[in-house]
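Everything below concerns the one structure shown next.
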Amino acid sequence: MVTVELAIVAFVGSGYLRNCSQLPGWSQAVVVFFGLSIAAAAWILSALPWIILNLDVQGFENFYQAPLSSVIVLRRVPVWVMAVAQHIFFALGLIALVLGIVGIFA
């Protein structure tokens, strides 16, 4: 998923940056949504070592419910929340891309 997002961002951005023109609104939305999706994916991937080390600890029976880290702020966010956020941002990025290409989203 991240590879597809990066390829689309590079493809969309390179065409406008080559001409030194400003990105249209739809491509800015694509970059923002895909960027948020990539950030959520990085957050999940960075939590994998923490989860693997704590699989045998009480409370980690279902790793989707497990916290992402021992840091107080991140402890409140379970893995499933970030996984859902990643997929929602990916879907919103695809919707913005399709609407921009078709010409509905200016």
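Throughout, residue positions are numbered sequentially from 1 according to the sequence presented. What you are looking at is a predicted structure, and each value in this text was computed from that prediction instead of being measured.
- Note: the hydrophobic cluster containing I88 also contains I44 (ILVMFWY, side chain heavy atoms under 4.5 Å, direct or indirect links).
- Grouping the Ile, Leu, Val, Met, Phe, Trp and Tyr side chains by contacts below 4.5 angstrom, directly or via other members, places L6 apart from L36.
- When atom types are taken as modelled, the side chain of S37 and the backbone of F33 share no donor-acceptor pair closer than 3.5 angstrom.
- Interatomic distance, CZ of F90 versus CD1 of I38, reported as 10.0 Å (0.5 Å rounding).
- Each of F11 and V98 belongs to its own hydrophobic cluster when Ile, Leu, Val, Met, Phe, Trp and Tyr are linked at side-chain heavy-atom distances under 4.5 angstrom.
- From L99, atom CG reaches atom CG of L94 across 10.5 Å, with rounding to the nearest 0.5 Å.
- Among residues at least two apart or in separate chains, there is no side chain to side chain donor-acceptor pair (under 3.5 Å) pair with a member in residues 80-94.
- Side-chain contact between L45 and L48 is present, with at least one heavy-atom pair separated by less than 4.5 Å.
- Contact between F34 and F89 at its shortest, heavy atoms only, is CD2-O, 4.4 Å.
- Linking ILVMFWY side-chain heavy atoms closer than 4.5 Å, directly or via other members, places V2 and I8 in two distinct hydrophobic clusters.
- Nearest approach of V12 to S27, heavy atoms of both residues: CG1-CB, 3.3 Å.
- Under a hydrophobic clustering in which Ile, Leu, Val, Met, Phe, Trp and Tyr are joined whenever their side-chain heavy atoms come within less than 4.5 Å, directly or via other members, V81 and L92 fall into the same cluster.
- The CG atom of L97 sits 4.0 Å away from atom CD1 of I101, with the distance rounded to the nearest 0.5 Å.
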